Amino acid sequence: MSVLSDHDIAALLASGRVKVEPYDAADLQPSSVDLHLDRSFRVFRNNRYAFIDVRAPQPDLTELLNVADEEPFVLHPGEFVLGQTLEWVELPNDLVARLEGKSSLGRLGLLIHSTAGYVDPGWKGKLTLELSNVAKLPIALYFGMKIGQISFFEMSSPVDRPYGSSGLGSKYQGQSEPTASAYFEDFEKGRRMGAPEAPTK
């Protein structure tokens with residue numbers, strides 16, 4: 001896999017094979033595109049459940065909040081919330097993308113994802129951000145600020161089943177707001193109970 005340069009990214013955006021909307025050419029970096037923070041956040045309400053149960057739906061675990069244009073969203077030390085990119089992103093079947101934070105924000109203690117930095121071929125939607133503050137002071141976040149960057153990688157061949165294909169169990173295709181975990185939907189299907197038995201001779 002090779003990382004696409006600014007020249008190749010610009011060509012893909014111009015042709016429509018990759019979509020980043022809204023897009024400003026000023027956001028094109030040498031090997032990535034800067035993304036911005038939307039106004040929606042999903043905040044955990046820890047008083048509603050005794051614990052997070054990964055095998056059960058917990059619809060009241062999080063609450064969706066929105067901030068005004070100049071209103072800060074204050075992320076406290078040790079706090080974890082879900083946000084999202086302002087941009088809608090679409091990938092073709094032969095490209096995969098990586099979402100990473102901005103180094104200047106990382107130096108302040110802001111992390112924008114814990115595991116969800118990988119964007120599958122065929123993805124369509126806004127990207128949910130896993131925002132956490134590992135600093136000792138609260139961090140104020142604002143609508144429209146640069147929050148991360150997305151880079152693109154060319155695959156060896158187009159995938160047979162892009163994200164969103166029937167039977168894959170793609171749960172977040174087309175999301176337009178910070179989306180809570182739907183892990184419970186796949187709990188039993190993906191569970192392994194011990195090693196499989198050896199075949200009999």
Side-chain angles (χ1 to χ4, degrees), residues 9 12-28 32-45 48 52 57-75 79-93 95-102 105 110-132 140-152 159 161-186:
I9 296 170
L12 287 168
L13 291 169
S15 70
R17 287 220 319 122
V18 169
K19 288 186 180 179
V20 176
E21 297 176 348
Y23 171 72
D24 187 320
D27 293 323
L28 183 61
S32 64
V33 176
D34 283 338
L35 300 178
H36 302 78
L37 184 63
D38 208 345
R39 65 175 75 251
S40 299
F41 299 87
R42 191 164 286 280
V43 178
F44 284 77
R45 296 304 188 192
R48 295 179 178 170
I52 297 174
Q58 294 179 308
D60 297 324
L61 181 62
T62 63
E63 181 178 340
L64 192 64
L65 301 177
N66 292 290
V67 296
D69 286 359
E70 298 302 326
E71 178 186 4
F73 180 89
V74 179
L75 188 65
E79 191 174 11
F80 176 82
V81 304
L82 301 178
Q84 73 176 6
T85 60
L86 178 63
E87 290 83 2
W88 177 278
V89 176
E90 295 187 13
L91 297 183
N93 296 351
L95 292 180
V96 66
R98 286 284 307 177
L99 175 66
E100 298 293 349
K102 300 293 292 180
L105 293 176
L110 179 69
L111 307 181
I112 71 161
H113 72 76
S114 53
T115 62
Y118 189 80
V119 188
D120 276 307
W123 166 265
K124 296 179 182 180
K126 294 190 173 186
L127 300 170
T128 291
L129 305 171
E130 302 160 339
L131 299 167
S132 57
L141 305 176
Y142 295 90
F143 168 66
M145 65 182 279
K146 288 184 179 181
I147 195 67
Q149 54 197 340
I150 189 168
S151 54
F152 305 90
V159 297
R161 296 194 301 163
Y163 191 85
S165 296
S166 176
L168 270 187
S170 306
K171 296 180 286 292
Y172 308 112
Q173 184 76 305
Q175 66 185 14
S176 59
E177 64 180 33
T179 306
S181 173
Y183 182 86
F184 66 92
E185 294 179 7
D186 293 335

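Not measured: the values here are computed from a predicted model.
Inspection of the Ser40 and Glu177 side chains reveals no N or O donor paired with an N or O acceptor under 3.5 Å.
Contact annotation: the side chain of Leu75 approaches that of Val81 to within less than 4.5 Å [non-hydrogen atoms, C-beta and beyond]. The side-chain heavy atoms of Phe143 and Leu37, taken from C-beta on, include no pair separated by under 4.5 Å. Residues Met145 and Lys102 form no side-chain contact, since every pair of their non-hydrogen atoms from C-beta on lies 4.5 Å or further apart. Contact check for Glu90 versus Trp123: no side-chain heavy atoms found under the 4.5 Å cut-off. Taking 4.5 Å as the limit, every side-chain heavy atom of Lys19 sits out of range of all side-chain heavy atoms of Glu87. When side chains are defined from C-beta on, Leu105 does not count as touching Ile112, because their heavy atoms never get closer than 4.5 Å. Considering only heavy atoms from C-beta on, Ile52 comes within 4.5 Å of Gln58 through its side chain. Residues Val89 and Leu99 are not in side-chain contact: their nearest non-hydrogen atoms beyond the backbone lie 4.5 Å or more apart.
Residue Arg98 holds its CZ atom at 11.5 Å from CD of Gln149, rounded to the nearest 0.5 Å. Distance check: Leu91 CG to Asp120 CG gives 8.5 Å after rounding to the nearest 0.5 Å. Rounded to the nearest 0.5 Å, atoms CG (Asp60) and CZ (Arg48) are 5.5 Å apart.
Looking at Glu130, its side chain does come within 3.5 Å of a backbone N or O of Ser114 through a donor-acceptor pair. The closest donor-acceptor contact from the side chain of Gln175 to the backbone of Lys126 lies under 3.5 Å. Side-chain atoms of Tyr172 never come within 3.5 Å of backbone atoms of Gly125 as a donor-acceptor pair (strictly under, hydrogens ignored). Checked by atom type and distance alone, the side chain of Thr62 never pairs as donor or acceptor with a backbone atom of Arg42 at under 3.5 Å.
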Side chain to side chain contact (heavy atoms under 4.5 Å, CB included) between Leu13 and Tyr23, intermediate numbers included: CA-CA 9 Å; Leu13 291 169; Tyr23 171 72; 3.6 Å; yes
Phe184 and Asp186: CA distance, side-chain angles, deciding distance, side chain to side chain contact (heavy atoms under 4.5 Å, CB included) verdict: CA-CA 5 Å; Phe184 66 92; Asp186 293 335; over 6 Å; no
Worked check of side chain to side chain contact (heavy atoms under 4.5 Å, CB included) between Leu127 and Ile150: CA-CA 10 Å; Leu127 300 170; Ile150 189 168; 4.1 Å; yes
Trace of the side chain to side chain contact (heavy atoms under 4.5 Å, CB included) decision for Val20 with Asp27: CA-CA 11 Å; Val20 176; Asp27 293 323; over 6 Å; no
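Of all the heavy atoms in Val67 and Pro72, the pair that sits closest is CG1-O, 4.4 Å. What you find for Val119 and Val96 is that their closest heavy atoms are O-CG2, 3.1 Å. When all heavy atoms are compared, the tightest approach of His36 to Ile147 is C-CG2, 3.6 Å. Shortest non-hydrogen contact noted between Gly122 and Gln173 is O-NE2, 3.0 Å. Closest approach of Thr179 and Thr128 over heavy atoms only: N-OG1, 3.4 Å. Contact between Val74 and Glu79 at its shortest, heavy atoms only, is O-OE1, 3.9 Å.
Around atom NZ of Lys124, no more than 12 heavy atoms belonging to other residues, nucleotides or ligands sit under 6.0 Å away.
Ring-plane geometry between Phe41 and Phe73 is classed as parallel, the angle between the planes falling under 30 degrees on a 0 to 90 degree scale with a further cut at 60.
For the pair Glu71 and Arg39, the salt-bridge criterion is not met [side-chain N within less than 4.0 Å of a carboxylate O].
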